[in-house]
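A short worksheet on the structure shown next.
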Amino acid sequence: MLFDSVPIIDVGPLVRKQGHDAMAEDPGVRAVVRQLDLACRHMGFFYVTGHGVSPALSQAVLDVGHEFFSLSESQKLRIGMSSASGFRGYQKLGENVTKGHPDQHEAIDYFKEFEPSARPENPLVGPNQWPDSVSKFRPLVQDYLGVMIGLGRTIMQGIALALGGPRDLFEGDRAGDPFWILRVIGYPPVSNLNHVSDADGDEVGCHEHTDYGLLTFVNQDQNITALQVKTKCQKWIWVDPIPGTFVVNIGDMLTIWTNGLYQSTLHRVINNNDKYRVSVPFFYEPNFNARVEPLSFLQNNSVGIKGAKYAPVVYGDHVIKKVLNNFG
Ligand SMILES: N=C(N)NCCCC[C@H](N)C(=O)O
Ligand SMILES: O=C(O)CCC(=O)C(=O)O
Ligand SMILES: [Fe+2]
């Protein structure tokens with residue numbers, strides 16, 4: 001089965017039953033689980049509706065993003081990202097690099113904060129940086145984080161069932177204490193052309209990449225189409241915003257845990273519109289110290305994969321390598 005567009009999944013039944021002992025037998029949950037399985041096997045991307053996150057909260061987070069990016073450069077640089085801040089904070093246009101190409105976006109990056117006892121040589125140890133010039137920014141984003149961590153956990157329960165595992169497969173040492181990431185990203189318009197001929201050039205808001213962890217939830221401006229995904233047929237397709245939904249995609253650690261059954265999917269951003277675009281991806285990730293390796297029950301599965309196709313990695317090592325690469 002091949003998808004030529006991104007499927008929409010109403011996860012309402014899963015959200016209502018999550019954590020219940022009998023959830024795996026609930027017919028509504030089972031229908032959601034089947035759709036998650038197909039989307040993860042064949043596309044790596046899906047929209048979710050029925051997630052229970054307030055549309056007003058999602059919109060307010062985008063609004064404070066717009067407000068922040070409209071500030072002067074010197075105000076934005078007051079929360080500038082550096083190695084001293086653990087790579088948390090504001091990065092200027094072109095500062096983030098993907099496979100050697102500077103990206104045409106500016107952003108603020110947040111990571112879960114470490115306990116004071118964390119190893120000081122870990123380059124990601126540092127304080128998150130909040131803009132005080134946009135007073136509602138911090139409380140809104142913190143509310144949003146709480147809600148999104150809950151949604152990430154719920155969808156991971158659905159994915160655990162989709163794989164034929166117990167619902168708590170990704171709890172505990174795997175992803176019970178997720179090293180979440182949140183980015184508030186601004187993409188200026190790159191050109192007024194109606195097509196993009198050279199997708200390696202300067203006009204790309206974020207060059208093609210896969211995400212690092214388990215699940216990404218993209219909250220994006222309505223009425224601007226800029227995100228593209230590469231289908232299994234190697235065709236780039238646009239992912240239009242749909243009101244009230246998140247665009248969800250799977251990350252590299254799910255590829256490893258599922259022994260390649262659910263593969264992370266290449267995507268990129270080209271804001272070839274005349275409006276400034278804001279998106280806020282929330283990344284639900286494994287625990288920082290999680291050891292990620294193909295699940296034993298997926299090493300000889302129905303698709304005929306024999307043995308482990310991927311070497312084990314520690315998630316924290318993977319994300320550190322990625323972040324250091326992004327900022328030279
Ligand atoms: N936390 C995540 N997944 N961030 C994705 C950013 C993708 C662009 C980055 N320069 C890169 O090359 O990865
Ligand atoms: O802006 C978007 O729609 C997606 C951004 C993205 O892919 C990322 O930050 O990993
Ligand atoms: Fe991404």
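All residue numbers refer to positions in the sequence shown, counting from 1. When reading the values below, keep in mind they use all heavy atoms of this one structure, side chains included, and skip hydrogens, waters and symmetry mates. Whatever order the structure lists ligands and atoms in, that order sets their numbers, starting from 1.
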Run the ring pair (Phe, Tyr, Trp, His ring centres under 6.0 Å) check on F114 and F288 step by step: do they pass?
-> CA-CA 10 Å; F114 290 96; F288 194 79; 4.9 Å; yes

Could you check ligand 2 for N or O atoms lying under 3.5 Å from protein N or O atoms and list the pairs with distances?
unit_1	atom_1	unit_2	atom_2	d
ligand 2	1 (O)	Y187	OH	2.7
ligand 2	1 (O)	R277	NH1	3.0
ligand 2	1 (O)	S279	OG	2.6
ligand 2	3 (O)	R277	NH1	3.4
ligand 2	3 (O)	R277	NH2	2.9
ligand 2	7 (O)	H209	NE2	3.2
ligand 2	7 (O)	H267	NE2	3.1
ligand 2	9 (O)	R183	NH1	3.2
ligand 2	10 (O)	H209	NE2	3.1
ligand 2	10 (O)	D211	OD1	3.1

Note on the Fe ion (ligand 3): protein N/O/S atoms within less than 2.8 Å are H209 NE2, D211 OD1, H267 NE2

Please report the shortest heavy-atom distance between P241 and Q222, naming the atom on each side.
->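 Taking every non-hydrogen atom into account, CB-OE1, 3.7 Å.
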
Is any side-chain heavy atom of [Y] closer than 4.5 Å to one of [X]?
X	Y	result
I79	I108	yes
D37	Y262	yes
W238	L227	no
M23	L161	yes
H267	N249	yes

Might you confirm whether atom CG of D173 has over 12 heavy atoms from other residues, nucleotides or ligands at distances under 6.0 Å?
-> no

Are [Y] and [X] an aromatic pair, judged by ring center distance below 6.0 Å?
X	Y	answer
W257	F170	yes
F282	Y144	no
F68	Y90	yes
F217	Y47	no

Name all residues meeting the side-chain hydrogen bond (donor to acceptor under 3.5 Å, both in side chains) criterion together with Q157; count only those two or more places apart in sequence or in a different chain, and write none if there are none.
->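 For Q157 there are no side-chain hydrogen bond (donor to acceptor under 3.5 Å, both in side chains) partners, ignoring immediate neighbours.
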
Pocket residues of ligand 1, ordered first by chain and then by residue number (heavy-atom cut-off under 4.0 Å) =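 Within 4.0 Å of ligand 1, the protein residues are N96, V97, T98, D103, I181, R183, C206, H209, D211, Y212, F283, N326.
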
